[in-house]
Asker: 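Here's a structure for you.
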Amino acid sequence: GEDVEQSLFLSVREGDSSVINCTYTDSSSTYLYWYKQEPGAGLQLLTYIFSNMDMKQDQRLTVLLNKKDKHLSLRIADTQTGDSAIYFCAGRSLVFGKGTRLSVIA
Amino acid sequence: GAVVSQHPSWVICKSGTSVKIECRSLDFQATTMFWYRQFPKQSLMLMATSNEGSKATYEQGVEKDKFLINHASLTLSTLTVTSAHPEDSSFYICSARDSGTSGRGVYNEQFFGPGTRLTVL
């Protein structure tokens, strides 16, 4: 089955950029997604990228996709304390990584 | 648009009782809904895929007689944890796949409910 790997923790200072990385094995996903989970809550779709794109920018969020290496990244510019959450990447197969816990230090 | 609700938000029950969790898509139709389980500081584990009007498809290792799923309409799926035990305590999250009626136009997008925290004493 598919496997999705993410680094577990990331800590950044407020105002800095955050980069969360994800590697996956299923190359058939039409879309790749980034979800955000705040404490005690469900998941919220943050952004997504179509598989034939290399990059997508959405306000403070930039998604980079390297299909050859099966690597997906999410960059959050000017990280704020409200960005503290767990971030999951996922593809069509509905397999989620363990999530990356982002802590933003004021 | 595209809101998914879950009820209840949290429930505490005694060992041996059954608990029903509802998942509703409020403003769109969902032919497919998913049930996940999440342990503390861990990822979501897909338990089953619920298809409207047919039997649910369970992931390997998930007991279908213990976790009963019913998807009776295009906006409602229920998960019943039967004869719950303390090891069933977890955070249960449902999601609904947009079948094209939400208007957001993101293919295959899932909308997640806020989750239900189950504690079995």
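Lettering follows sequence order; numbering is per chain, from 1.
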Asker: Is the shortest side-chain heavy-atom distance between B:Leu44 and A:Phe88 below 4.5 Å?
Answerer: yes

Asker: Count the heavy atoms of every other residue, nucleotide or ligand shown that sit under 6.0 Å from NE2 of A:His71, and state whether that count exceeds 12.
Answerer: yes

Asker: In Å and rounded to the nearest 0.5 Å, what is the CG to CZ distance from A:Leu43 to B:Phe111?
Answerer: 13.0 Å

Asker: Which residues in residues 98-106 of chain A have a heavy atom less than 4.5 Å from any heavy atom of chain B?
Answerer: A:Lys98, A:Arg101

Asker: Following the transitive rule for hydrophobic clusters with a side-chain heavy-atom cut-off under 4.5 Å over Ile, Leu, Val, Met, Phe, Trp and Tyr, establish whether A:Leu65 and A:Phe50 coincide in one cluster.
Answerer: yes

Asker: Going only through I, L, V, M, F, W and Y residues with side-chain contacts under 4.5 Å, is there a path from A:Tyr33 to B:Met45?
Answerer: no

Asker: In terms of hydrophobic clusters joined by side-chain contacts under 4.5 Å, are B:Met47 and B:Val19 together?
Answerer: yes

Asker: So for A:Glu38, is it side chain, backbone, both, or neither that comes closer than 4.5 Å to the heavy atoms of chain B?
Answerer: neither

Asker: Any chain of hydrophobic side-chain contacts (each under 4.5 Å) joining A:Trp34 to A:Val4?
Answerer: yes

Asker: Do you reckon B:Phe39 sits in the same ILVMFWY cluster as A:Tyr87, going by side-chain contacts under 4.5 Å, direct or chained?
Answerer: no

Asker: Are there residues of residues 61-93 of chain B that reach to under 4.5 Å of chain A by heavy atoms, and which ones?
Answerer: B:Phe91, B:Ile93

Asker: Nearest 0.5 Å please: distance from the CZ atom of A:Phe96 over to the CD atom of B:Gln38.
Answerer: 10.0 Å

